[in-house]
Amino acid sequence: MLLYDVVDASARVGATRSRTTKTQVIAELLRTAPADEVELVTAYLSGVLPQRRTGVGWRGLAQLPDPAPAAALTVTAVDAVMRRLTETAGVGSTATRAALVRELFESATEPEQGFLRGLMTGEIRQGALDGVMLAAIAEAAEVPQASVRRAVMLAGFAGPVAAAALTGGQAALDQITLEVGRPLRPMLAGSAADVSAAVDTLPADVPFAVECKLDGIRVQAHKRGDQVRLFSRSLDDVTERLPEIVDAVAALPAESVVLDGEVIALRADGSPHPFQVTGARTASSKDPAELRRTTPVTPWFFDLLHVDGRDLIDAPAHERIAALVGLVPESMVVPRLETQDPAQAQEFFDHWVSEGHEGVVVKDLSVPYAAGRRGAGWVKVKPRHTLDLAVLAIEWGSGRRKGLLSNIHLGARDPETGGFVMLGKTFKGMTDEMLAWQTTRFTELATDLGDWVVTVRPEQVVEIAFDGVQRSSRYPGGMALRFARVLRYRDDKRAEEADTIDQVRALRDWT
DNA sequence: TTCCGACAGTGGGGTCGCAAT
DNA sequence: ATTGCGACCCCACTATCGGAA
């Protein structure tokens, strides 16, 4: 199949906002794709490059050669280039990859170049990623959406599922089950402002549990015999980086196991390190034996999806947890409280937050493991901080925010100098109305109307919510806000009344 | 007819390793 | 030795569509 056919479909998908129309366009393309190219077409149209790292990003694609006059590239040919890029990533020279990129883009027409660039930088914005793709696979293969969804959750990716569905139909989808050693999509949590709001999102009178939420790295652990594999939230294999977790899982008294949990670095006294410490440890590929000595990590499991030939994903949570507790030593199970009393749940939250943990997850004990879905019975609650900060500058938006001032630079007041210290940026929490308002407002306050950044007189105060204050090498105060988002603009406060850098220092996550 | 769940989009800070400067 | 880039950890929030109620 020609890449052109995929690009054309992508353009038509992007041209409509109707999801049913998007679905039809994609389904039609999948039906016409040759069997051996369905997997690639599915991946490309959902913005996924099966080769995850190519070593080429936005910079490597900033300057493209003249496009080809006519479409001749096939998706198989594109795949061949991507494979070669992956092979050279990290070992070959930049020049080798640049040559491969040049060769590929020379044989692509202009719209194909645009699509390929989006694919390689993860910016396919056509209003259809995985969700619409699932519906399209179901329609093209004439199977129920629920079957496709389940297969994708268990297989991890849509491409292989599309290939199976279109060649083997329902029977082929039924063959896709939980496989020990192959990662499935992790179940995700919704969020709520506080414990009582979290409980309120669950059906009335269901039994629920509250679990301590650890600020570390999500890990899915698979064990079969003496073989252990560990996967990240995005299904990357992280086994080699976490030998102490491998040892812990290998020692479990079961032949085959699939566990879900969090890995975190702890201090000698058992209190958690800030996320940055755990993140640095797990991101590093230096000698694992050395890292294990200097920054050991500990597993805390909260779910059991398979044990000794028995799949538990469809069992209610209380059953999975009972099996987990029966298998895994208590020291490796997330602290949890089963209760029907919101006051006790609140107390549990207060306790673990005071111990330095991130918050809690409230879980409906009656629900199965809804792989890959958010908010189906898991609700997280974290403490929230707020500050009134001054807007120092603002960046032009892109995509649907093109032409609007979008991303605001935030500063705390420094009483020593009378100036402001930048603590980060945010584009979150803004309604369309706020975007329109702030575009006008900051144009008025502008001292420098740049193409990228507009600098303003620091006169506008904004109320910001955030999760914490972390160490920063980027900002002058050495601190940055984690997950900052806008609550509201404060026209009742002048910049001279904004919160100070000392108030921010008091909230640091390190000492 | 209204409500609400799921999805896509718009980006945030930090860390690492590697290649180029 | 430093800097820029790519990849991948953590992630919040709003707008919208379309099926459920």
Side-chain angles (χ1 to χ4, degrees), chain A residues 13-14 16-23 46-47 52-62 89-98 120-135 145 149 188-191 201 214-219 232-236 238 241 262-263 274-286 358 372-376 380 382 384 395 397-402 404 406-410 423-435 464-475 479-487:
Chain A
V13 166
T16 176
R17 293 209 305 210
S18 160
R19 285 181 200 156
T20 44
T21 307
K22 291 175 193 284
T23 301
S46 41
R52 311 192 62 175
R53 37 173 74 220
T54 57
V56 180
W58 65 274
R59 195 61 220 252
L61 300 171
V91 289
S93 71
T94 304
T96 309
R97 283 201 297 284
M120 298 180 76
T121 56
E123 288 171 345
I124 293 288
R125 306 225 197 270
Q126 58 190 12
L129 294 173
D130 239 33
V132 172
M133 183 54 72
L134 295 188
Q145 256 194 61
R149 178 178 294 277
L188 306 173
S191 57
T201 66
L214 301 149
D215 197 6
I217 303 285
R218 185 84 174 261
V219 164
S232 72
R233 189 187 128 139
S234 59
L235 312 188
D236 275 317
V238 293
R241 296 176 177 199
E262 193 89 0
V263 161
F275 172 75
Q276 282 167 306
V277 174
T278 299
R281 158 67 207 269
T282 51
S284 175
S285 54
K286 289 206 189 92
E358 196 183 11
R373 308 189 76 174
R374 192 178 287 282
K380 63 185 159 187
K382 297 189 278 185
R384 193 188 74 169
E395 297 173 15
S398 66
R400 75 184 293 280
R401 292 192 180 185
K402 196 171 172 59
L404 293 168
S406 173
N407 194 4
I408 57 176
H409 296 197
L410 306 167
L423 295 168
K425 313 176 192 178
T426 184
F427 54 87
K428 296 171 186 171
M430 294 153 183
T431 62
D432 285 3
E433 195 184 357
M434 289 165 82
L435 284 163
I464 296 293
F466 58 99
D467 280 17
V469 176
Q470 51 186 10
R471 194 175 246 141
S472 173
S473 57
R474 176 178 312 211
Y475 293 112
M479 305 182 285
L481 303 183
R482 190 168 182 208
F483 307 139
R485 59 269 191 190
V486 171
L487 292 179

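Note on naming: letters A, B, ... go to the chains in the order of the sequence lines (proteins, then strands), and numbering restarts at 1 for each one.
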Presence of [X] side-chain N/O under 4.0 Å of [N] phosphate oxygens OP1/OP2:
X	N	answer
A:Lys286	B:dG17	yes
A:Trp58	C:dC5	no
A:Lys382	C:dA12	yes
A:Ser285	B:dT15	no
A:Thr278	C:dC10	no
A:Arg149	B:dC7	yes

Can you tell me how far [atom2] of [N] sits from [atom1] of [X], to the nearest Å?
X	N	atom1	atom2	result
A:Asp130	B:dG9	CG	C1'	15 Å
A:Arg59	B:dA19	CZ	P	18 Å
A:Ile217	C:dA7	CD1	P	19 Å
A:Arg482	B:dG12	CZ	P	17 Å
A:Arg233	C:dA7	CZ	C1'	16 Å
A:Met120	C:dC8	CE	P	13 Å
A:Leu410	B:dG11	CG	C1'	14 Å
A:Asn407	B:dG13	CG	P	7 Å

Nearest nucleotide by nearest heavy atom, which residue falls closer to the 5' end of DNA chain C, A:Arg485 or A:Leu235? A:Leu235
Assuming nearest nucleotide by heavy-atom distance, tell me which of A:Glu262 and A:Gly429 is located more 5' along DNA chain C. A:Glu262
Pairwise distance CZ(A:Arg401) to CG(A:Asn407) - rounded to 0.5 angstrom: 8.5 Å
Contact class for [X] vs. all strands (heavy atom < 4.0 Å): base, sugar-phosphate, or nothing?
X	value
A:Gly279	nothing
A:Thr426	nothing
A:Ser398	sugar-phosphate
A:Ser191	nothing
A:Ser232	sugar-phosphate
A:Lys22	nothing
A:Lys425	sugar-phosphate
A:Asp467	nothing
A:Val486	nothing

For DNA chain B, whose closest nucleotide is more 5', that of A:Ala280 or that of A:Gly399? A:Gly399
Given DNA chain B, 5'-ward residue of the pair A:Ala480 and A:Ala95, judged by closest heavy atom: A:Ala480
Report yes or no: does A:Arg485 contribute a side-chain atom to a donor-acceptor pair with the main-chain N or O of A:Phe483 at less than 3.5 Å? yes
Main-chain N/O of A:Gln126 paired with A:Lys22 side-chain donor or acceptor, under 3.5 Å: yes
Name the closest nucleotide to the [X] side chain, picking from [options].
X	options	result
A:Ser284	B:dC16, C:dG4, C:dC8	B:dC16
A:Phe483	C:dG6, C:dC9, C:dC11	C:dC11
A:Ser472	C:dA15, B:dG13, C:dC10	B:dG13
A:Gln276	C:dC11, C:dA7, B:dT15	B:dT15
A:Lys428	B:dG11, C:dA7, C:dC10	B:dG11
A:Phe427	B:dG14, C:dT14, B:dT10	B:dT10
A:Thr431	C:dC10, C:dA15, B:dG14	C:dA15
A:Arg401	B:dC16, C:dC11, B:dT10	B:dT10
A:Leu129	B:dA8, C:dC13, B:dG13	B:dA8

Looking only at the side chains, is there a donor atom on one of A:Ser18 and A:Thr16 sitting less than 3.5 Å from an acceptor on the other? no
Indicate yes or no: does A:Arg53 engage A:Asp236 in a salt bridge with an N to O separation below 4.0 Å. no
Across every strand shown, the nucleotide meeting Watson-Crick or G-U wobble geometry with B:dC7 (both distances under 3.5 Å) is none
Heavy-atom contacts, protein to nucleotides 16-21 of chain C, under 4.0 Å, summarised as B (base), S (sugar-phosphate only) or - (none) per nt, yield BBS---
If you look at every heavy atom in A:Ala484 and A:Thr426, which pair is closest and at what distance? O-OG1, 2.7 Å
Working for side chain to side chain contact (heavy atoms under 4.5 Å, CB included), residues A:Val263 and A:Arg241: CA-CA 12 Å; A:Val263 161; A:Arg241 296 176 177 199; over 6 Å; no
Decide side chain to side chain contact (heavy atoms under 4.5 Å, CB included) for A:Arg384 and A:Leu487; before the verdict, give the C-alpha distance in whole Å, the side-chain angles of both, and the deciding distance to 0.1 Å. CA-CA 12 Å; A:Arg384 193 188 74 169; A:Leu487 292 179; 3.8 Å; yes
Evaluate the criterion side chain to side chain contact (heavy atoms under 4.5 Å, CB included) for residue pair A:Arg471 and A:Val277; output intermediate values, then yes/no. CA-CA 11 Å; A:Arg471 194 175 246 141; A:Val277 174; over 6 Å; no
Test side chain to side chain contact (heavy atoms under 4.5 Å, CB included) applied to A:Glu395 and A:His409, step by step: CA-CA 8 Å; A:Glu395 297 173 15; A:His409 296 197; 2.7 Å; yes
